[in-house]
Number of protein chains: 2
Amino acid sequence: MKHITIKDIARELNVSVSTVSRAMNDTFDISAKTRDKVLKTAKEMGYHPNPVAKRLHQQKTFQVGVVIPEFINDFFPQIIMGMQNVLQAEGYQLLIMQSNECFETEMENVLKLEENMVDGLLISLSRETQNIDYYNKLYEKGMPMVFFNRVNEMIKAPKVIFNDFKWSYFAVEHLIKQGCKNIIHLAGYKHLSLSRERIRGYEKAMNKFHLPYDDDCIIETGFMIDEGEIVMKRLLDKGICPDGIFATNDPTAIGAIKALKSAGKRIPEDVCIIGFSEAMWSEVVDPPLSSVSQPTNLIGYHAAHLLLEQLNEKQTEDNTIKLDGKLVVRTSSQRG
Amino acid sequence: MKHITIKDIARELNVSVSTVSRAMNDTFDISAKTRDKVLKTAKEMGYHPNPVAKRLHQQKTFQVGVVIPEFINDFFPQIIMGMQNVLQAEGYQLLIMQSNECFETEMENVLKLEENMVDGLLISLSRETQNIDYYNKLYEKGMPMVFFNRVNEMIKAPKVIFNDFKWSYFAVEHLIKQGCKNIIHLAGYKHLSLSRERIRGYEKAMNKFHLPYDDDCIIETGFMIDEGEIVMKRLLDKGICPDGIFATNDPTAIGAIKALKSAGKRIPEDVCIIGFSEAMWSEVVDPPLSSVSQPTNLIGYHAAHLLLEQLNEKQTEDNTIKLDGKLVVRTSSQRG
DNA sequence: TACAAATTCGGAATCGTTTCCGAAAATCGG
DNA sequence: CCGATTTTCGGAAACGATTCCGAATTTGTA
């Protein structure tokens, strides 16, 4: 895999390497004649500039690191596609790493990306991550960074988030309008902003419609199918059965449905249930799952643009972008 | 973001840069005393070797390109995790690109990765890809390459594939044992080996049990949910309804189920159906979908190792690795 | 025609490493 | 104690590009 370099062309044409470089970059101080001559033989010889050498000189790698909790569900991959569309067009490559929802792995990933000298970072926190000191330090040292989806308010870098409060409210309001009176919330981990915001939305709806709830109605569950199943099963074993469930995401909703079904409950007749974040397969489960759909592509798009602004040293005036979605009502929450 | 370089350390300690380099790489021609001294101040000053400079000198990027058709389904992400486990441990980074099932995008991706001077390529063909001349040229020029899952036999580089023939046979045999007599196959694109092998498995099972079938029973469908739905709907509209369906993957099976359900067919009573490649959500759809489960992690593991052998210039003796899976029988194909 | 200005290009430094070559210093054997 | 090894280190080249500086050539102007 011998590569043609700028020297090979220079030797071939009996010119200096600086001339060839000038031709390639079309600078002002070269005659049109020699430029064309160089370009022609460069093409003939199959020359491609060596990006590594360019990076060394420019002190820039044109690579940005992406750290996400997982990419087994389709949620994060869709966001990443949104990012790629923007960043590849600007000549950047993505280095994608997963924390597997583990704080230490997340830190290792960030360190590794730093050592690899990425030009910037796009991060979605693991569900364990509480300590964000390092991120703030890194940001203040000047590392371009954007956080998205899984965020913590104490983070100083720009963020792209979803209007969790508003859409949780709509989700619970929808359940109430279906006639649910005894509604519980399967919540995410409380150190993540999105979990707290979704709890706030739940509380606002319950208060607004004067429905009773207490701390036992808001159950820290997690994000996975089996976590939803375990929590729901435990409730049913205790003889507790709500008539409405607002789950913090689709997998936990699915888990709850599994537990409910095997306890002989009918959905939506006995229990209405709605998830969040619209998984690709929410439509094909039994029963088809209602959910709040998030604009995943847009999340990636905005995160990428906020990063680009930093990479181009433009001052970002707006620090946080909050996006809206829509309510997708299917059988699991629809009565009558 | 000023970085400490080897020169900073040299200046600090009044030694030459070569001495510092020797200390960092622990070569033979340096005294233990100065080595420790250098290492100590390097640590104190927070020195990290610049990987870009290293790459320029070693003429190696320690990055490998991965090209996959999509990463919205969980199948390819799982394979990638298998690759990452192996390659990250050896110091390699992955550059992941999607072809979106489009031949031209696939080529653009490969070109871009080549220009980025990746050390090797891991490729799964798009469903459109028929012309593989460029890949063979590239491989013969010495580019380390491994193909996986979506493969074409004409490709000369090492491959990691699934024993599609054997497990298709088992899948169809299972349908037959459930009493199905009129079985169709929703097939993938025929220029991909896996599609042809799955067709062969179907044919072998049908022949073995003396069940009739003709060309109309093998329908080129695609890989997506709506493709399965459209093809099935068209059949039903023509008044054709099999009592057994072997789908080339889980999404097409799901699509077929949607069409069957809205036509009032009961599964598995009227129609047994089995998919392939075990999606994460196959268990939670209605009815739970039988499928052939593939060892996704292992596919990634082996592909990565075959690539490593080439990167380390070891001669690969075994060119193709063929993996086995298991039959996961759920409600969609289980009678009585 | 002569001198100033503009154009065009080569040489060398630079980016941060590794590594080859040779010289100084230390160690060794007799 | 002296010559021969061995150890240890500095200087410089190399990787492949960009860019600054200055020199040669061409062009322009009076």
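What you see below is based on every heavy atom in this structure, not just the backbone, and it leaves out hydrogens, waters and symmetry mates. To find a chain, count down the sequence lines: A is the first, B the second, and so on, and within it residues start at 1.
- B:Ile4 has its CD1 atom 10 Å from the P atom of C:dT17, to the nearest Å.
- Applying the 6.0 Å contact sphere to CE of B:Met154 captures no more than 12 heavy atoms from other residues, nucleotides or ligands.
- Residues A:Gln98 and B:Gln84 have side chains that bring a donor and an acceptor to within less than 3.5 angstrom of each other.
- Look at CD1 on B:Ile30: it is 9 Å from P on D:dT8, rounded to the nearest Å.
- Relative to the side chain of A:Lys7, the nucleotides D:dC15, C:dT17, D:dT18 differ in distance, and D:dC15 lies closest.
- Spacing between atom NZ of B:Lys33 and atom C1' of D:dT7 amounts to 13 Å, rounded to whole angstrom units.
- Heavy-atom neighbours of B:Glu104 CD from other residues, nucleotides or ligands within 6.0 Å: at or below the threshold of 12.
- Taking atom CZ on B:Phe28 and atom P on D:dT6, their separation rounds to 12 Å, with Å as the unit.
- Between the CZ atom of B:Arg11 and the P atom of D:dG10 there is a distance of 15 Å, rounded to whole Å.
- Applying the salt bridge (Lys or Arg N to Asp or Glu O under 4.0 Å) test to residues at least two apart or on different chains, the pairs with a partner in residues 41-51 of chain B are B:Lys40-B:Glu44.
- Sorted by first and then second residue, the pairs that involve residues 12-22 of chain A and meet salt bridge (Lys or Arg N to Asp or Glu O under 4.0 Å), not counting sequence neighbours, are A:Arg22-A:Asp29.
- A heavy-atom distance below 4.0 Å to DNA chain D is reached by these residues of residues 13-24 of chain A, ordered by number: A:Ser18, A:Ser21, A:Arg22.
- In this entry the distance linking NE2 of A:His48 with P of D:dA17 reads 12 Å, nearest Å.
- In this structure, B:Ile9 places its CD1 atom 12 Å from P of C:dG16, rounding to the nearest Å.
- Residue B:Asn25 places at least one side-chain N or O closer than 4.0 Å to OP1 or OP2 of C:dT18.
- A:Tyr47 OH: more than 12 foreign heavy atoms inside a 6.0 Å radius.
- One atom, CG of A:Asp29, and another, P of D:dA24, lie 18 Å apart when rounded to the nearest Å.
- Less than 4.0 Å separates DNA chain C from at least one heavy atom of each of the following residues of residues 40-47 of chain B: B:Tyr47.
- A perpendicular orientation is assigned to the rings of A:Phe148 and A:Phe76, their planes being inclined by more than 60° (bins at 30° and 60°).
- With respect to A:Arg150 and A:Glu101, a salt bridge is recorded, a charged nitrogen being found less than 4.0 Å from a carboxylate O.
- Residues from residues 51-63 of chain B that place a heavy atom under 4.0 Å from any atom of DNA chain C, listed by number: B:Ala53, B:Lys54, B:His57.
- In this model, a donor atom of one side chain and an acceptor atom of the other lie less than 3.5 Å apart for A:Thr19 and A:Ser16.
- Ring pair B:Tyr189/B:Phe223 is perpendicular by interplanar angle, where above 60° counts as perpendicular and below 30° as parallel.
- Evaluation of the salt bridge (Lys or Arg N to Asp or Glu O under 4.0 Å) test over residues 71-90 of chain A, restricted to residues two or more places apart or in two chains, returns none.
- Checking the phosphate oxygens (OP1, OP2) of D:dT8, no side-chain nitrogen or oxygen of B:Thr34 falls inside 4.0 Å.
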